[in-house]
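Note on naming: letters A, B, ... go to the chains in the order of the sequence lines (proteins, then strands), and numbering restarts at 1 for each one.
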Amino acid sequence: NAGVTQTPKFQVLKTGQSMTLQCAQDMNHNSMYWYRQDPGMGLRLIYYSASEGTTDKGEVPNGYNVSRLNKREFSLRLESAAPSQTSVYFCASSSRAYTDTQYFGPGTRLTVL
Amino acid sequence: GENVEQHPSTLSVQEGDSAVIKCTYSDSASNYFPWYKQELGKGPQLIIDIRSNVGEKKDQRIAVTLNKTAKHFSLHITETQPEDSAVYFCAASSSLAAGNKLTFGGGTRVLVKP
């Protein structure tokens, strides 16, 4: 039981490049989330998927897109990376949206030059 | 939307002493308040949570208290140990409000000095 896994762990991009962050969970959870963590700002929600087949914007969705590929997988795509997107990205999952424990992955540290 | 403020941003305590972290929230509809611990290079991990139908919850050396009237909740760590050194986040969400998103505080970096 690996919990929540994320790939890659580290990534360096140039401005304008695109990439997809992958997330998978093996806990049969319905809800999945993408957060970004910047120094002194806690975790901010980018997008979430309350259940398979649905996605909704969070607090900071601009510049990102998501895909809930199936119940296990939720990917985050940066179409044209900008330096402001330099951050640590965390994926999380929970049995039900928000009011159940969210389990976090180990994170992806992204640097955009 | 919900706004969660967390204080202090850093906290240094001597091993064996207690540590207290306080959070305030703005949305009176919030009814779920988890606390997460994040160790260096890892993702946040839930350490304790409380729902609005109780005022206090304990789990060994950690406890959380909730004052719904004042809209604040606190994390208490007793008999601190070096392994308690980490960043702690509070959060709040509502199962009633539209969107019911989990909003995090800015975090508290706790350093336990041996």
Undergrad: Out of curiosity, B/Tyr32 OH to A/Thr101 OG1, how far, rounded to the nearest 0.5 Å?
TA: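 Spacing of OH (B/Tyr32) from OG1 (A/Thr101) equals 4.0 Å.
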Undergrad: What is the minimum heavy-atom distance between B/Phe89 and A/Gln37, and which atoms define it?
TA: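 Looking at all heavy atoms of both residues, the closest pair is CZ-NE2, 3.1 Å.
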Undergrad: Please say yes or no: joined through hydrophobic side-chain contacts below 4.5 Å, possibly via intermediate residues, are A/Tyr35 and B/Val87 part of one cluster?
TA: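 Yes, same cluster.
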Undergrad: Of the listed residues (B/Gln38, B/Arg109, B/Lys42, B/Gln6), which shares the most heavy-atom pairs with chain A below a 4.5 Å separation?
TA: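 Highest number of heavy-atom pairs under 4.5 Å: B/Gln38.
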Undergrad: I'd like to know if B/Ile21 and B/Phe73 are part of one continuous hydrophobic network [Ile/Leu/Val/Met/Phe/Trp/Tyr, side-chain heavy atoms within less than 4.5 Å].
TA: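 The answer is yes; both residues are in one hydrophobic cluster.
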Undergrad: Would you compute the distance between atom OH of A/Tyr48 and atom CG of B/Leu102 and round it to the nearest 0.5 angstrom?
TA: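 Interatomic distance, A/Tyr48 OH to B/Leu102 CG, rounded to 0.5 Å: 12.0 Å.
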Undergrad: Between B/Gly107, B/Pro34, B/Gly106, which has the largest tally of heavy atom pairs under 4.5 Å with chain A?
TA: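 Counting heavy-atom pairs under 4.5 Å, the top option is B/Gly106.
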Undergrad: Show the nearest heavy-atom pair for residues B/Gly43 and A/Phe90, with the distance to one decimal.
TA: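 Minimum heavy-atom separation between B/Gly43 and A/Phe90: CA-CE2, 3.3 Å.
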Undergrad: Working to the nearest 0.5 angstrom, can you tell me the gap between B/Leu46 CG and A/Tyr103 OH?
TA: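 If we round to the nearest 0.5 Å, B/Leu46:CG and A/Tyr103:OH are 7.0 Å apart.
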Undergrad: Are B/Val13 and B/Val20 connected in a single hydrophobic cluster, I mean Ile/Leu/Val/Met/Phe/Trp/Tyr linked by side-chain heavy atoms less than 4.5 Å apart?
TA: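 Per the 4.5 Å side-chain linkage, B/Val20 and B/Val13 are not co-clustered.
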Undergrad: With a 4.5 angstrom heavy-atom cut-off, which part of B/Tyr36 approaches chain A: side chain, backbone, both or neither?
TA: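 Just the side chain, heavy atoms under 4.5 Å.
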Undergrad: State yes or no: do A/Val60 and A/Met19 share one hydrophobic cluster built from I, L, V, M, F, W and Y residues joined by side-chain heavy-atom distances below 4.5 Å, directly or via other members?
TA: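 Yes.
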Undergrad: If a pair satisfies side chain to side chain donor-acceptor pair (under 3.5 Å) and one of its residues is in residues 77-88 of chain A, list it, with sequence neighbours excluded.
TA: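 Residue pairs with at least one partner in residues 77-88 of chain A: A/Ser18-A/Arg77, A/Thr20-A/Arg77, A/Asp38-A/Ser87, A/Arg77-A/Glu79.
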Undergrad: Consider only side-chain heavy atoms of I, L, V, M, F, W and Y, link residues closer than 4.5 Å, and tell whether B/Ile47 and B/Val54 are in one cluster.
TA: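 Cluster IDs for B/Ile47 and B/Val54 match.
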